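What's counted below: heavy atoms across the whole structure, side chains too, no hydrogens, waters or symmetry copies. Not measured: the values here are computed from a predicted model. Per chain, numbering begins at 1; letters A, B, ... match sequence-line order.
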There are 2 protein chains.
Amino acid sequence: MSTTHDAEPAVPSGAAGSVRPGPDATAGAGRRGGVACVLVAAGAGTRLAAGRPKAFVPAAGRPLLVHAAEGLAAAGAVDVLVVVVPAGAERATEELLAPVAGLPPATVVAGGASRQASVAAGLAALPDGTGVVLVHDAARALTPPAVVRRVVDAVAAGHGAVVPAVPVVDTLREVGGRVVDRARLRAVQTPQGFDVAALRRAHAVPADGEGATDDAGLVERTGVPVHVVDGDPEALKVTTPLDLLLVEALLARRGAARAAAAVGTP
Amino acid sequence: MSTTHDAEPAVPSGAAGSVRPGPDATAGAGRRGGVACVLVAAGAGTRLAAGRPKAFVPAAGRPLLVHAAEGLAAAGAVDVLVVVVPAGAERATEELLAPVAGLPPATVVAGGASRQASVAAGLAALPDGTGVVLVHDAARALTPPAVVRRVVDAVAAGHGAVVPAVPVVDTLREVGGRVVDRARLRAVQTPQGFDVAALRRAHAVPADGEGATDDAGLVERTGVPVHVVDGDPEALKVTTPLDLLLVEALLARRGAARAAAAVGTP
């Protein structure tokens, strides 16, 4: 229903917030255990140049993080939320999330120096009984709830690693090389979904020096195949001011659609 | 200044409109001859589902094609324009373009069954004395004039084929395969610029069955290296309703910026 701020033994010491597994925490994905989501909101947002961490940049008056949390709440498929934020922003985050209707029990923890370290901090804060874990970027603030449900359903159906993805519309060219056949490519979004044991194993493997990859890439290195489900163009990641402009426009359109529905306009 | 509708011998018979090379038609790129632009506006726009050819879909009340033409006019780097539209739309297009301030002398011709055929129709309508040809998608309606100038300048500097491109921000994954290293990739935009002889040679080579590619890809097959200059996120291609929403938002922002400048608001 809202974030909880009281002490709770299930949270590793050092976590700034706390988690209280809700009554559905072990029911969401049937026999696979509860569904948790690690919501990563620890990025600096340098390219956005908004003077604050990206997840806290407002769109239509509310931080991207709050929009992302609302989308997760609307999906109705997540039992527990772990929000990873820059160190020092924990309490402010709890206050931002408290009013979000329908939010699963949530805890807020401090992130690390890299995205991977931040996800690991989130994993460390998962409650016992978690069977499925989603890893979601708060910068994909307007991810439609249907995308969240598709990912959860695919993991619950037995896929150890699931990513939502969309076709590539741009013509791509290798630097100093040839045009790439975009028909063979998909642009990967979040939330990515995993069997929690598979993701924990993947994060325990030392990096192989091939550079950053996403969580699905980490899991894939351990031999778990990655299953792809349909993403959605509205699950775009806010990286540049142009992306933020599009998010604002989408929010305005959604607001207009809601208003029209409320007054019975066709 | 505006489109011209009178007969003109330099236009091959069969072209629907006509072209009158302006006084700068052979001066724009120095000793390389004039700069022409083939503006391709013949696509159906199926994914946009707007009930009309994509280039004629309005944004902020005016067709994408008109916005694209305004951008070319503002660049001040194009001497002659050839607009390729669906057969039957030639006269309507001339009327749409007539009021565009600063537009180079323009002709309008009917396109073919494929994008490549449409570009070929545009090439056939280029006036004598053309040294540099740009091929531009009307769906990249808000391409900043600076991008147009960068492409023209690079061709004038001796590069036989030039494309504007931007870094890839999405995580990409091969279908049934691995994560792709996006650092090695660029997303290619338009206008693409060419030595006119190189592009004509490339279009004369039969397709090799590798499927559709862009004009730079065609030229590359003939052994001409492709030079990359900086593109711009605002040169996005309108393909889906989401893209159109972003273009509308960009136009609103540009309008607000112009209004603020007009009244001296900081």
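- The minimum heavy-atom distance between B:Leu242 and A:Leu246, with the atom names listed, is O-CD1, 3.7 Å.
- Proximity to chain A (any heavy atom under 4.5 Å) is shown, for B:Ala165, by neither the backbone nor the side chain.
- Between B:Glu220 and A:Arg173 there is a salt bridge, with a side-chain nitrogen of the basic residue lying less than 4.0 Å from a carboxylate oxygen of the acidic one.
- The greatest number of non-hydrogen atom pairs below 4.5 Å with chain A, out of B:Gln189, B:Arg184, B:Arg253, B:Lys237, is found for B:Arg184.
- B:Arg178 touches chain A through backbone and side chain together, each having a heavy atom under 4.5 Å away.
- Among B:Val226, B:Val180, B:Val228, the residue with the largest count of heavy-atom pairs under 4.5 Å with chain A is B:Val226.
- For a residue to count as touching a neighbouring chain, one of its non-hydrogen atoms must lie under 4.5 Å from one of that chain's; by this rule B:Glu234 touches chain A with backbone and side chain alike.
- Atom OG1 of B:Thr171 and atom CG of A:Leu185 lie 12.0 Å apart (nearest 0.5 Å).
- Separation of atoms CZ (B:Arg186) and CG (A:Asp170) is listed at 12.5 Å; rounding is to 0.5 Å.
- Chosen from B:Pro225, B:Ala249, B:Ala252, the residue pairing most often with chain A at heavy-atom distances under 4.5 Å is B:Ala249.
- For a residue to count as touching a neighbouring chain, one of its non-hydrogen atoms must lie under 4.5 Å from one of that chain's; by this rule A:Val169 touches chain B with the side chain only.
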